Amino acid sequence: MEKIKVGLLTMSDGREYLHEEYAQLNMDYQREIKEALESTGLFEVTAGDVPVHSNEEAKREAKKLQRAGVEATIFNYTIWCYPQFTAVALNFAPGPYLLFCNLHPSECGMVGMMAAAGTLEQLNVKFQKLWGSINEPEVLGKMVDFLKAAAAVKRLKGMTFGNFGGRPLGMYTAVANLEQWQKEFGIDVENVEQDDIIRAGETVAEEKVEHAFAWLESNVGSIAYDGIGLTPEKLKLQIRSYYGLRKIIADRGLDFVGIKAHGDLTDRYITMDIAEAFLNDPYDFDGPKEPIVAATESDMDGALTMQLFKLLTGKPVLFADVRHYDKENDVWFFSNSGTHATYFAGASMDPAENLKHVTFCPETHYYPAGGASVHHFARAGRVTLARLARKNGKYVMTIVPAEIVEFDKEKMTAMGNTTTPAWPVAFTRLQVTADEFLEKFPCNHIHGVYGDCTEALKLTARLLNMDVQILQ
């Protein structure tokens with residue numbers, strides 16, 4: 001992921017003799033914060049040249065952060081400092097804002113932070129407070145979570161979502177309001193005809209298609225050609241659709257996409273499962289790449305949830321249906337024919353490690369045009385699942401801490417055969433009861449990443465003025 005640009009200003013006392021007495025202490029604390037953040041490899045920190053002890057300094061130092069293009073600003077309080085300096089700096093220092101203070105009884109950093117916080121409350125400025133030693137892993141972790149959330153919110157602004165085909169299968173929850181997206185997130189929506197995928201795919205050089213085809217045949221665990229639904233020719237057509245989408249995404253400057261597919265491409269052309277899987281993967285037939293969020297069924301709020309996950313973690317994001325609950329084994333079957341990245345088969349950045357667990361199966365009767373379905377069982381591990389949805393026009397973020405589990409291959413195959421054998425499945429165990437999950441989860445699609453990013457999601461929702469419900 002591109003490093004997050006962070007601004008750091010340390011505030012000081014307006015009385016000259018106290019400012020001078022504590023100047024070195026202030027800069028020592030500031031240096032500790034800068035070094036701790038940069039040691040993670042995630043951040044590029046632009047720090048103030050001096051502790052701020054006048055309105056003129058507040059303006060000058062904040063403008064420096066503005067010129068550096070920082071994506072969030074930390075105001076650091078180690079002693080008592082005049083709140084007015086924070087107020088002046090706010091006019092130029094880019095938000096979101098984190099107010100941070102040390103924890104030391106002989107120094108008044110907490111008092112300084114609380115005074116500045118009260119000022120910001122009166123000015124109706126959104127901010128987050130954090131206190132403690134930056135050398136404590138828990139404190140650093142909280143700061144990292146905030147800065148990831150701040151950057152995710154900032155980076156949404158100016159993005160373009162490519163909507164290929166529009167609403168699928170009558171789903172209200174897959175369609176969002178253009179004006180609301182622009183107003184709340186700064187995202188534009190570009191509607192694209194699905195026929196453009198076909199036309200762009202036809203322009204792909206034959207040798208490029210043959211290279212990708214040979215790569216898949218060498219790396220995928222099994223390709224179950226049946227001579228009808230899945231043939232080498234149909235797999236090559238799916239490869240063309242992938243490259244066609246990549247070309248459209250590049251030409252139109254799309255940041256993330258959704259593809260309807262159902263009833264159009266899936267009836268008369270080819271399924272998008274290969275294209276969607278490898279768009280979401282951190283690699284393709286030509287080598288490593290950045291994942292490109294692609295939501296099947298052109299699910300706009302699903303794609304937005306996935307894009308936030310990607311911005312927070314840089315990882316491939318799961319897209320699945322809430323398909324079935326197995327009471328005997330206490331697991332949910334999260335399964336969907338499209339968008340389930342092959343990364344989840346092995347949770348590795350090495351495609352060979354993942355793809356050896358993947359089978360390309362002939363598509364089911366749902367998709368008459370045929371093609372390959374990307375089948376595998378998701379690798380076990382802790383995951384954070386979530387979904388953005390609207391209630392009475394207002395977005396709510398639902399977060400579901402969970403664990404993907406595995407059984408022996410024979411048992412997983414038997415379990416998968418009870419639903420749709422050709423589709424990938426993440427067997428998932430939730431902390432919340434089945435009844436409560438079904439009662440409170442807002443729709444049929446669910447998304448997630450490996451690891452625990454609950455706190456970062458909560459902070460993201462707060463910065464976006466969303467309510468949060470956590471099902472655990």
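Just so you know, these numbers come straight off a predicted model, no measurement behind them.
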Check: So, Lys183 and Glu179, do they make that salt bridge, N to O below 4.0 Å?
Finding: no
Notebook entry, point to check: So does Glu71 pair up with Arg155, basic N to acidic O under 4.0 Å?
Noted result: yes
Check: Is there a donor-acceptor contact under 3.5 Å linking the side chains of Ser348 and Glu353?
Finding: no
Check: Using a distance-only test with no angle check, is there a side-chain donor-acceptor pair under 3.5 angstrom linking Gln24 and Asp28?
Finding: yes
Notebook entry, point to check: Quick one: is the NZ or CZ of Lys63 closer than 6.0 Å to the six-membered ring centre of Phe92, and within 45° of its axis?
Noted result: yes
Item checked: Closest heavy-atom pair and its distance - Phe75, Ala93 -> CZ-CB, 4.3 Å
Margin query: Set out, in order, the CA-CA distance, both residues' side-chain angles and the distance that settles ring-ring contact (aromatic ring centres under 6.0 Å, His included) for Phe161 and Trp181, then state yes or no.
Written below: CA-CA 10 Å; Phe161 172 72; Trp181 268 31; 5.5 Å; yes
Next item on the list: Examine distances only and state if a side-chain atom of Thr46 and a backbone atom of Leu65 form a donor-acceptor pair shorter than 3.5 Å.
Entry: no
Notebook entry, point to check: For the atom pair OG (Ser12) and CD1 (Ile79), what is the distance rounded to the nearest 0.5 Å?
Noted result: 4.0 Å
Notebook entry, point to check: Between Ile33 and Met143, which heavy-atom pair has the shortest distance, and what is it?
Noted result: CG2-SD, 4.1 Å
Note to self: Please give me the minimum heavy-atom distance between Trp131 and Val139, naming the atom from each residue.
What the structure shows: O-CG2, 3.9 Å
Notebook entry, point to check: Of the options His53, Arg15, His19, which is the one that meets Tyr82 in a side-chain contact (heavy atoms from CB on, under 4.5 Å)?
Noted result: Arg15
Item checked: Side-chain donor-acceptor pair present, Thr160, Glu190, cut-off under 3.5 Å -> no
Next item on the list: Keeping the roles fixed (side chain from Asn354, backbone from Pro351), state whether a donor-acceptor pair exists under 3.5 Å.
Entry: no
Check: Judged by atom type as modelled, is there a donor-acceptor pair below 3.5 Å linking the side chain of Gln180 to the main-chain atoms of Gly393?
Finding: yes
Margin query: Quiz question: by atom type and distance under 3.5 Å, do the side chains of Asp284 and Tyr242 form a donor-acceptor pair?
Written below: yes
Margin query: Regarding Ser335 and Asp321, do their side chains bring together a donor and an acceptor under 3.5 Å, going by distance alone?
Written below: no
Notebook entry, point to check: For Ala36, does its backbone N or O pair with a side-chain atom of Thr40 as donor and acceptor, under 3.5 Å?
Noted result: no
Item checked: Ring centre gap for Phe185 and Tyr395 strictly below 6.0 Å -> yes
Note to self: With salt bridge (Lys or Arg N to Asp or Glu O under 4.0 Å) as the criterion, how do Arg31 and Glu35 come out once you've worked through the C-alpha distance, each side chain's angles and the decisive distance to 0.1 Å?
What the structure shows: CA-CA 6 Å; Arg31 186 186 67 256; Glu35 290 177 352; 3.8 Å; yes
Item checked: Atom pair OG1/CG of Thr10 and Asn26 - distance to nearest 0.5 Å -> 6.0 Å
Next item on the list: Would you sort out whether Arg379 and Glu406 count as a salt bridge (Lys or Arg N to Asp or Glu O under 4.0 Å), showing the intermediate values?
Entry: CA-CA 7 Å; Arg379 176 60 57 90; Glu406 291 180 82; 3.7 Å; yes
Margin query: Before we go on, tell me: are the rings of Phe333 and Phe427 under 6.0 Å apart, centre to centre?
Written below: yes
Check: Can a salt bridge be assigned to the pair Lys64 and Asp49 using a cut-off of 4.0 Å between side-chain N and carboxylate O?
Finding: yes
Notebook entry, point to check: Given side chains that start at C-beta, do those of Asp299 and Phe319 come closer than 4.5 Å, heavy atoms only?
Noted result: yes
Check: Can you check whether Gly48's main-chain N or O pairs, donor with acceptor, with Gln30's side chain at less than 3.5 Å?
Finding: yes
Notebook entry, point to check: How about Lys310 and Asn280: does a side-chain donor come under 3.5 Å of a side-chain acceptor?
Noted result: no
Item checked: Whether Tyr77 side chain and Cys108 backbone form a donor-acceptor pair below 3.5 Å -> no
Note to self: Under the criterion ring-ring contact (aromatic ring centres under 6.0 Å, His included), I'd like the reasoning laid out for Phe437 against Tyr325: C-alpha separation, chi angles, the key distance, then a yes or no.
What the structure shows: CA-CA 11 Å; Phe437 176 72; Tyr325 176 64; 9.1 Å; no
Check: So how far is it from Asp281 CG to Tyr343 OH, rounded to the nearest 0.5 Å?
Finding: 10.0 Å
Next item on the list: Over all heavy atoms of both residues, which pair between Val449 and Pro316 is shortest? Give the atoms and the distance, please.
Entry: CG1-O, 3.6 Å
Next item on the list: Could you check Phe285 against Tyr243 for ring-ring contact (aromatic ring centres under 6.0 Å, His included), going step by step and ending with a plain yes or no?
Entry: CA-CA 10 Å; Phe285 332 118; Tyr243 281 127; 5.8 Å; yes
Notebook entry, point to check: Hey, does the side chain of Gln469 reach the backbone of Thr398 with a donor-acceptor pair shorter than 3.5 angstrom?
Noted result: no
Check: When you check the gap from the basic side-chain N to the acidic O, do Asp350 and Lys356 get nearer than 4.0 Å?
Finding: no
Note to self: Between the side chains of Glu455 and Lys142, is the shortest nitrogen-to-carboxylate-oxygen separation below 4.0 Å, so that they form an ion pair?
What the structure shows: no
Checklist line | Ring geometry between Phe278 and Tyr283 (parallel below 30°, tilted from 30 to 60°, perpendicular above 60°) | finding: perpendicular
Checklist line | Minimum heavy-atom distance Pro51-Ala23, with the two atoms named | finding: CG-O, 4.0 Å
Next item on the list: Quick one: do Arg429 and Asp326 satisfy salt bridge (Lys or Arg N to Asp or Glu O under 4.0 Å)? Show the steps, please.
Entry: CA-CA 10 Å; Arg429 191 163 286 146; Asp326 182 333; over 6 Å; no
Notebook entry, point to check: Out of curiosity, Asp301 CG to Thr173 OG1, how far, rounded to the nearest 0.5 Å?
Noted result: 8.0 Å
Next item on the list: Without swapping roles, check the side chain of Thr296 against the backbone of Thr339 for a donor-acceptor pair under 3.5 Å.
Entry: no
Note to self: Let me confirm one number: the CG-NZ distance from Leu464 to Lys126, rounded to the nearest 0.5 Å.
What the structure shows: 9.0 Å
Note to self: Quick check: do Val220 and Thr359 have side-chain heavy atoms less than 4.5 Å from each other?
What the structure shows: no
Check: Quick one: do the Gln84 and Asn55 side chains pair a donor with an acceptor below 3.5 Å?
Finding: yes
Check: Between Asn163 and Ser298, do the side chains contain an N or O donor and an N or O acceptor separated by less than 3.5 Å?
Finding: yes
Item checked: Under-4.0 Å salt bridge between Arg246 and Asp286 -> no
Notebook entry, point to check: Any donor-acceptor pair under 3.5 Å linking the side chain of Thr454 with the backbone of Asp452?
Noted result: no
Checklist line | CE on Met466 to CZ on Arg390, rounded to 0.5 Å | finding: 10.5 Å
Next item on the list: Step by step, work out the side chain to side chain donor-acceptor pair (under 3.5 Å) result for Glu107 and Thr78.
Entry: CA-CA 7 Å; Glu107 298 155 9; Thr78 65; over 6 Å; no
Margin query: Working note: Gln307 + Leu156, criterion side chain to side chain contact (heavy atoms under 4.5 Å, CB included); need CA distance, chi angles, decisive distance, verdict.
Written below: CA-CA 8 Å; Gln307 187 70 359; Leu156 282 181; 4.1 Å; yes
Note to self: Between His340 and His375, is the ring centroid distance below 6.0 Å?
What the structure shows: no
Margin query: Any salt bridge linking Lys34 with Glu38? Criterion: basic side-chain nitrogen under 4.0 Å from a carboxylate oxygen.
Written below: yes
Item checked: Donor-acceptor pair, side chain of Lys315 and main chain of Pro291, under 3.5 angstrom -> no
Next item on the list: Check Phe407 against Met412 and note the closest heavy-atom contact, atom names and distance.
Entry: O-CE, 3.2 Å
